[in-house]
Amino acid sequence: VANFNQHMLQKTTADMSERAGRAAVLNVDRMKDAQTVRVMNDPSSYNDAIKSVDAAIEANIRNTPNIDARSAAALRTKISGDLKTEITRAYLMGVAQRNPAEAERLINEGKLQHINAVEAKNLLSYAQVQARAQRQDQELQRQQHKRELQERSDIQEGEYMKRLFPEDP
């Protein structure tokens, strides 16, 4: 009976540790979603978001008393790195949407330590696509403005012609 009770206690503790690990990962995923949206919408928050990752993970571990050492270590290393990579990716995408040339400069400088060469290449392509899209938008706006000016001119010319050559009754 004592062996059975000991076995059940160990099994229950292991199950609780595994669940705690999954809960901690879920909390980190929620944080990732919030931080990436925040950084994409406001690239100036990037440094704060990166700095907060390790502290948030440690707080998550402290607040999950049944987490096992393996899950805690995974949170501290792999998940922390993955989270910083996602935040950096969102940052560069947010910058590229606002200022593609600045995103290209940041990528080409290679100072962003949380992305690898493949991700940098993909993000550089994204920035170039954003630059082309912005140029196309500007060209469309220019053409639309030109059409509006032409329409106003045509209307004014028509009114002027009517005043010069009134219709005969």
Side-chain angles (χ1 to χ4, degrees), residues 21-64 74-169:
R22 280 193 237 136
V25 169
L26 182 62
N27 289 338
V28 170
D29 282 345
R30 288 182 182 142
M31 181 182 71
K32 177 192 76 165
D33 293 343
Q35 293 288 19
T36 55
V37 168
R38 173 181 158 215
V39 168
M40 188 177 281
N41 290 333
D42 179 14
S44 67
S45 66
Y46 171 72
N47 289 329
D48 290 337
I50 289 293
K51 289 176 187 173
S52 72
V53 168
D54 293 329
I57 287 176
E58 287 303 318
N60 197 344
I61 291 169
R62 278 193 310 275
N63 292 329
T64 311
L75 283 171
R76 286 187 182 104
T77 56
K78 183 181 182 332
I79 294 176
S80 173
D82 291 350
L83 182 54
K84 289 176 183 177
T85 297
E86 289 295 321
I87 291 171
T88 300
R89 188 178 297 126
Y91 164 69
L92 287 169
M93 291 175 77
V95 171
Q97 290 170 0
R98 290 160 183 75
N99 185 348
E102 176 66 10
E104 287 183 45
R105 184 188 66 75
L106 289 168
I107 294 165
N108 288 329
E109 283 180 355
K111 293 182 181 176
L112 297 169
Q113 59 187 340
H114 303 293
I115 58 171
N116 62 35
V118 172
E119 291 165 336
K121 183 179 177 185
N122 291 340
L123 289 164
L124 186 59
S125 293
Y126 179 79
Q128 291 165 346
V129 166
Q130 291 298 314
R132 279 192 299 275
Q134 284 183 1
R135 285 191 300 272
Q136 289 173 343
D137 287 347
Q138 290 169 349
E139 178 60 21
L140 288 173
Q141 288 174 356
R142 187 190 66 73
Q143 290 173 1
Q144 178 65 26
H145 182 69
K146 185 177 175 182
R147 275 193 298 277
E148 289 171 358
L149 290 175
Q150 185 62 46
E151 286 175 13
R152 280 191 229 139
S153 175
D154 290 347
I155 290 170
Q156 289 173 348
E157 180 183 7
E159 291 172 358
Y160 181 72
M161 294 302 282
K162 283 181 185 177
R163 279 187 262 140
L164 281 178
F165 305 104
E167 293 181 27
D168 293 327

Peer 1: Do Leu112 and Tyr46 make a side-chain contact, defined as non-hydrogen atoms from C-beta onward lying under 4.5 Å apart?
Peer 2: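 Leu112 vs Tyr46: side chains touch.
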Peer 1: Can you tell me how far apart CZ (Arg76) and CD (Glu58) are? Round to the nearest 0.5 Å.
Peer 2: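 If we round to the nearest 0.5 Å, Arg76:CZ and Glu58:CD are 4.0 Å apart.
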Peer 1: Would you confirm whether Thr36, through its side chain, and Asp33, through its main-chain N or O, come within 3.5 Å as a donor-acceptor pair?
Peer 2: yes
Peer 1: Nearest 0.5 angstrom please: Lys32 NZ to Asp82 CG, how far?
Peer 2: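 Between atom NZ of Lys32 and atom CG of Asp82 there are 8.5 Å.
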Peer 1: Under 3.5 Å, is there a donor-acceptor pair between the Thr85 and Glu119 side chains?
Peer 2: no
Peer 1: Please report the interatomic distance OG(Ser153) to CD(Glu148), rounded to the nearest 0.5 Å.
Peer 2: 13.5 Å
Peer 1: Scan side-chain atoms only and decide if Gln35 and Tyr91 contain a donor-acceptor pair under the 3.5 Å cut-off.
Peer 2: no
Peer 1: Do the side chains of Lys162 and Glu159 get close enough for a salt bridge, i.e. N-O under 4.0 angstrom?
Peer 2: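 Result for this pair is no, no salt bridge flagged.
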Peer 1: When rounded to the nearest 0.5 angstrom, what is the spacing between NZ in Lys51 and CD1 in Ile87?
Peer 2: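 Atom-to-atom, Lys51:NZ and Ile87:CD1 are 13.0 Å apart.
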Peer 1: When rounded to the nearest 0.5 angstrom, what distance separates CG in Leu140 from CD in Gln138?
Peer 2: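 Interatomic distance, Leu140 CG to Gln138 CD, rounded to 0.5 Å: 10.5 Å.
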Peer 1: Nearest 0.5 Å, what's the CZ-CD1 distance between Arg89 and Ile115?
Peer 2: 8.5 Å
Peer 1: Do Tyr160 and Leu164 have side chains that get closer than 4.5 Å, going by heavy atoms?
Peer 2: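 They are in side-chain contact.
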Peer 1: Identify the two heavy atoms, one from Gly94 and one from Pro43, that lie closest to each other, and give their separation to 0.1 Å.
Peer 2: C-CG, 3.8 Å
Peer 1: Heavy atoms only: give me the nearest Gln134-Arg98 pair and the separation to one decimal.
Peer 2: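 The pair with the smallest heavy-atom distance is NE2-O, 3.8 Å.
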Peer 1: Charged N to carboxylate O under 4.0 angstrom, Glu151 versus Arg147?
Peer 2: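 The answer is no: the pair does not qualify as a salt bridge.
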Peer 1: Taking all heavy atoms of Ala127 and all of Ala103, pick out the closest pair and write down the distance.
Peer 2: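 In terms of heavy atoms, the two residues are closest at CB-CB, 4.0 Å.
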Peer 1: side-chain contact (heavy atoms from CB on, under 4.5 Å), that's the test. Do Glu102 and Arg105 meet it? Break it down for me.
Peer 2: CA-CA 5 Å; Glu102 176 66 10; Arg105 184 188 66 75; 2.5 Å; yes
Peer 1: Assess the side chains of Glu139 and Gln143: does a donor N or O sit below 3.5 Å from an acceptor N or O?
Peer 2: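 Their side chains do contain a donor-acceptor pair, which is all the 3.5 Å distance test asks for.
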Peer 1: When you measure from the side chain of Thr88 to the backbone N and O of Lys84, does any donor-acceptor pair fall under 3.5 Å?
Peer 2: yes
Peer 1: So, applying side-chain hydrogen bond (donor to acceptor under 3.5 Å, both in side chains) with Asp154, which one of Gln150, Arg152, Gln156 is it?
Peer 2: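 The passing option is Gln150.
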Peer 1: If I compare all heavy atoms of Asn116 with all of Val118, which pair ends up nearest, and what's the gap?
Peer 2: OD1-N, 3.1 Å
Peer 1: Where is the tightest heavy-atom contact between Tyr126 and Gln97, given as atom of each residue plus distance?
Peer 2: OH-NE2, 2.9 Å
Peer 1: Can you give me the closest heavy-atom contact between Val39 and Ala49, atom names plus distance?
Peer 2: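 Closest approach of Val39 to Ala49, heavy atoms only: CG2-CB, 3.6 Å.
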